[in-house]
S.K.: 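Next up is a structure, given as structure tokens.
Numbers for residues simply follow the sequence, beginning at 1.
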Amino acid sequence: MAEAERIIGTPDTPGTGPGPEQRDVRGTDGMDGADGAGRADAAADASAARPRRRRVAVLFAVAAFAYALDLVSKLLVVAKLEHHRPIEIVGDWLKFEAIRNAGAAFGFGEAFTVIFTVIAAAVIVVIARLARKLYSLPWAIALGLLLGGALGNLTDRIFRSPGVFEGAVVDFIAPKHFAVFNLADSAIVCGGILIVLLSFRGLDPDGTVHKD
């Protein structure tokens, strides 16, 4: 009998029931569980935000590289090539020839300089807004090229003669039987082509893929 009571336990036996200490522990565990769930959610949100931050970093790195390359090339062209004879790169097929372009890319629309300036500024704002939901690396590269090119030509519009928002863009790449352009134009065109290809593949800036 004593052996059975020892195994089963009795209400009067100390330590056989859930004492206050045990109830307190369970209550503390419940609070810890809620806190743990909150920390897990916060960690999940932080983990989900890291890929977006990396893609945004890629976007701005590509934009900075394209912008710096365009800016340096234009400074060299103005200093070394403007008011000089064109430099033949591949015979008559490709030359470096400095010209001032008041129109859009490739010399179109010279009468609408201010409008093109506003469009370039609007493109920059749109890209900045898209960056908030950017999770796709190809889209980051494409938007970076567009941003760098738009900033490059917008810098000319603002700071070059004849005046603010009416400045003429420096162009210098002159293929035979084609319009003269610059590296900013090239970045814009490459970014635009990449965006078209991504759209055909159904890849959205947020990384989702849809099939029409």
Side-chain angles (χ1 to χ4, degrees), residues 57-128 130-131 137-201 205:
V58 170
L59 186 158
F60 286 112
V62 172
F65 178 76
Y67 177 71
L69 202 61
D70 178 69
L71 184 63
V72 171
S73 67
K74 288 173 178 175
L75 290 174
L76 289 174
V77 166
V78 171
K80 304 295 184 181
L81 187 58
E82 200 167 35
H83 309 303
H84 292 77
R85 294 178 58 85
I87 299 175
E88 293 186 353
I89 305 301
V90 185
D92 290 337
W93 291 97
L94 179 62
K95 299 178 181 179
F96 284 169
E97 180 180 5
I99 68 167
R100 297 293 181 114
N101 173 22
F106 306 110
F108 298 113
E110 293 188 2
F112 303 99
T113 305
V114 176
I115 294 176
F116 293 132
T117 303
V118 173
I119 292 173
V123 167
I124 293 170
V125 173
V126 170
I127 292 173
L130 282 175
L137 179 59
W139 270 95
I141 296 172
L143 293 176
L145 290 171
L146 283 179
L147 180 59
L151 285 172
N153 283 338
L154 184 60
T155 299
D156 284 355
R157 303 289 188 196
I158 295 174
F159 295 106
R160 296 194 186 277
S161 59
V164 177
F165 300 123
E166 297 181 353
V169 174
V170 175
D171 289 336
F172 62 94
I173 304 173
K176 188 176 183 180
H177 306 309
F178 197 70
V180 184
F181 58 96
N182 56 43
L183 295 182
D185 298 332
S186 301
I188 292 171
V189 170
C190 290
I193 292 174
L194 183 53
I195 287 175
V196 171
L197 294 177
L198 294 174
S199 299
F200 273 120
R201 292 186 57 190

S.K.: Check whether any side-chain heavy atom of N182 sits under 4.5 Å from a side-chain heavy atom of V169, and report yes or no.
M.R.: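 A side-chain contact exists here, since the closest heavy-atom pair is under 4.5 Å.
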S.K.: With a 3.5 Å distance limit and no angle check, can you tell me whether D70 reaches the backbone of A184 through a side-chain donor-acceptor pair?
M.R.: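 Yes, the answer is positive, given that a donor and an acceptor are paired below the 3.5 Å cut-off.
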S.K.: Using 0.5 Å steps for rounding, measure from the SG atom of C190 to the CG atom of L183.
M.R.: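 The CG atom of L183 is 10.0 Å from SG of C190, to the nearest 0.5 Å.
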S.K.: Can you confirm whether P86 sits close enough to F96 that some side-chain heavy atom of one is under 4.5 Å from a side-chain heavy atom of the other?
M.R.: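 With C-beta onward as the side chain, the pair stays apart.
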S.K.: Please confirm whether the backbone N or O of V170 pairs with a side-chain atom of D156, one donor and one acceptor, at under 3.5 Å?
M.R.: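 Pair found, side chain donor or acceptor close to backbone of V170.
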S.K.: Would you check if V78 and R160 make a side-chain contact, meaning some heavy-atom pair closer than 4.5 Å?
M.R.: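 Result yes, sub-4.5 Å side-chain heavy-atom pair found.
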S.K.: Quickly, which of L197, I195, V196 forms a side-chain contact (heavy atoms from CB on, under 4.5 Å) with I193? Name it, please.
M.R.: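 It is L197, the one option of L197, I195, V196 that forms the side-chain contact (heavy atoms from CB on, under 4.5 Å) with I193.
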S.K.: Can a salt bridge be assigned to the pair R100 and E82 using a cut-off of 4.0 Å between side-chain N and carboxylate O?
M.R.: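 Yes, R100 and E82 are salt-bridged.
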S.K.: Give me the atom names and distance for the closest heavy-atom approach of P162 to A168.
M.R.: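 Between these two residues, the closest heavy atoms are CD-N, 4.1 Å.
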S.K.: Rounded to the nearest 0.5 Å, how far apart are CG of D171 and CD1 of I99?
M.R.: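 It is 5.0 Å, given to the nearest 0.5 Å.
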S.K.: Search all heavy atoms of V77 against all heavy atoms of A98 and return the closest pair with its distance.
M.R.: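 Looking at all heavy atoms of both residues, the closest pair is CG1-CB, 3.5 Å.
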S.K.: Evaluate E97 against E88 for side chain to side chain contact (heavy atoms under 4.5 Å, CB included), listing each step before the verdict.
M.R.: CA-CA 9 Å; E97 180 180 5; E88 293 186 353; over 6 Å; no
S.K.: How long is the gap from CG on L130 to CG on L59, to the nearest 0.5 Å?
M.R.: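 Between atom CG of L130 and atom CG of L59 there are 9.0 Å.
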S.K.: What distance separates S186 OG from I173 CD1, expressed to the nearest 0.5 Å?
M.R.: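 Result: 4.5 Å between the selected atoms.
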S.K.: Is there a side chain to side chain contact (heavy atoms under 4.5 Å, CB included) between I127 and L146? Walk through the geometry before answering.
M.R.: CA-CA 8 Å; I127 292 173; L146 283 179; 3.8 Å; yes
S.K.: Just how far is it from atom OH of Y67 to atom CG of L154, taken to the nearest 0.5 Å?
M.R.: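 CG of L154 is found 8.5 Å from OH of Y67.
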S.K.: Let me confirm one number: the CG-NZ distance from L81 to K95, rounded to the nearest 0.5 Å.
M.R.: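 L81 atom CG to K95 atom NZ measures 11.5 Å (nearest 0.5 Å).
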S.K.: Please determine whether side chain to side chain contact (heavy atoms under 4.5 Å, CB included) holds for the pair V180 and N101, giving the CA-CA distance in whole Å, both sets of side-chain angles, and the decisive distance to 0.1 Å.
M.R.: CA-CA 9 Å; V180 184; N101 173 22; over 6 Å; no
S.K.: Could you please spell out the steps behind the side chain to side chain contact (heavy atoms under 4.5 Å, CB included) verdict for W139 and L194?
M.R.: CA-CA 8 Å; W139 270 95; L194 183 53; over 6 Å; no
S.K.: Main chain of A150, side chain of N153: is a donor-acceptor contact present, judged purely on distance under 3.5 Å?
M.R.: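 Side chain of N153 to backbone of A150: no pair is present.
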S.K.: Would you say F172 and S73 make side-chain contact, with heavy atoms under 4.5 Å?
M.R.: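 F172 vs S73: side chains touch.
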